[in-house]
There are 2 protein chains.
Amino acid sequence: MICLGIGVDDMSNPLLEIGSLLKAARKDLQLTQEQVADMAGISRPRYREIEVGSAAARVTTLINIARALGLELILIPKAIAPAVNALLKPHDDDDDLPAFAVSPESDDHD
Amino acid sequence: MICLGIGVDDMSNPLLEIGSLLKAARKDLQLTQEQVADMAGISRPRYREIEVGSAAARVTTLINIARALGLELILIPKAIAPAVNALLKPHDDDDDLPAFAVSPESDDHD
DNA sequence: ACTAAGAGATATGTAAACAGATCAATTTGA
DNA sequence: TCAAATTGATCTGTTTACATATCTCTTAGT
């Protein structure tokens, strides 16, 4: 299979970014999509779409998924973001996930 | 009007928590609901519902609102959350907002 | 007091997030 | 190799996040 150019995960789309983080966290915990979906109270097809980044979940849904994966959803001032990222990187032991911030992005409408 | 018990903002509901944070950030920037709604690409009635916590926005919508308010949406490991909160508190100069994490919560269905 | 701007609130209509079922494709393990 | 588990993918239907419009009710400003 030839796959030129573009990296496997794009990272200009926040949904893809969120999805790949969720997948990494799930794999890390050795859980199946169905298990996480069940813990989060949503269907597996729905969770799959969220994980692959083909659909935007509601905040409440993302919160529930995050909780199932041992993650927290946080809102911070933009100015603080770099410091938070710095806080996350050094902690490179074994069982943690890279936190990430969603970047400037246009959505649907506009 | 008699209002016994319960504090003005509840903080057991993540939507209320998000809403009051958005409102604080908006007031801090001296913006109207309409201005923020416009910047985020949603209607004012919709933004109002999100701000008062009576409805759950999509993640993409929350990201757009956050951007309009100089905030970032972050997903972090639960274990790191306290450290991040510590990072936010000391920074009590003049123009920053309290970051916050959404807590364990059950949503719709279940 | 009056006025206007901002916020609260509701109604109707549409798009998309959800559920649930059911398929194929892929991965994993015996 | 075969079978089971996991994931990919699509369909039908329901709920709800959205738009737009309109109305009242506060909250300034004069």
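Side-chain atoms are counted along with the backbone in the values below, which use heavy atoms only and exclude waters and symmetry mates. These numbers were taken from a predicted model, which means no experiment stands behind them. Numbers restart at 1 for each chain; the letters A, B, ... are given by sequence-line order, proteins then strands.
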Phosphate contact ([N] OP1 or OP2) by [X] side-chain N/O below 4.0 Å:
| X | N | value |
| --- | --- | --- |
| A/Arg26 | D/dT7 | yes |
| A/Gln33 | D/dG8 | yes |
| A/Arg58 | D/dT16 | no |
| A/Arg44 | D/dT7 | no |

Set of residues satisfying salt bridge (charged side-chain N to carboxylate O under 4.0 Å, His left out) with respect to A/Arg26, sequence neighbours excluded:
A/Glu51
Bend angle of the helix from C/dA1-D/dT30 to C/dA30-D/dT1, from helix axes over five pairs at each end, nearest 10°
50°
Which nucleotide in the list C/dC18, C/dG8, D/dC18 gets nearest to the side chain of B/Lys23?
C/dG8
Within this structure, what is the [atom1]-to-[atom2] distance between [X] and [N], rounded to whole angstrom?
| X | N | atom1 | atom2 | answer |
| --- | --- | --- | --- | --- |
| A/Leu22 | D/dT7 | CG | P | 14 Å |
| B/Leu29 | C/dG6 | CG | C1' | 17 Å |
| B/Glu51 | C/dA9 | CD | C1' | 15 Å |
| B/Gln35 | C/dG6 | CD | C1' | 10 Å |
| A/Arg48 | C/dA25 | CZ | P | 14 Å |
| A/Lys27 | D/dA5 | NZ | C1' | 12 Å |

Whichever of B/Leu31 and B/Glu49 has its nearest DNA chain C nucleotide further upstream toward 5'
B/Leu31
Whether the side chain of A/Arg46 and the base of C/dG20 hold a donor-acceptor pair under 3.5 Å is what I'd like checked.
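A donor-acceptor contact between them is absent.
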By the 4.0 Å heavy-atom rule, please label A/Thr32 as base, sugar-phosphate, or nothing.
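If one applies the 4.0 Å heavy-atom cut-off, A/Thr32 turns out to touch the sugar-phosphate alone, with no base involved.
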Base, backbone or nothing for each nucleotide of nucleotides 24-30 of chain D, written B, S, -, heavy atoms under 4.0 angstrom, 5' to 3'?
-------
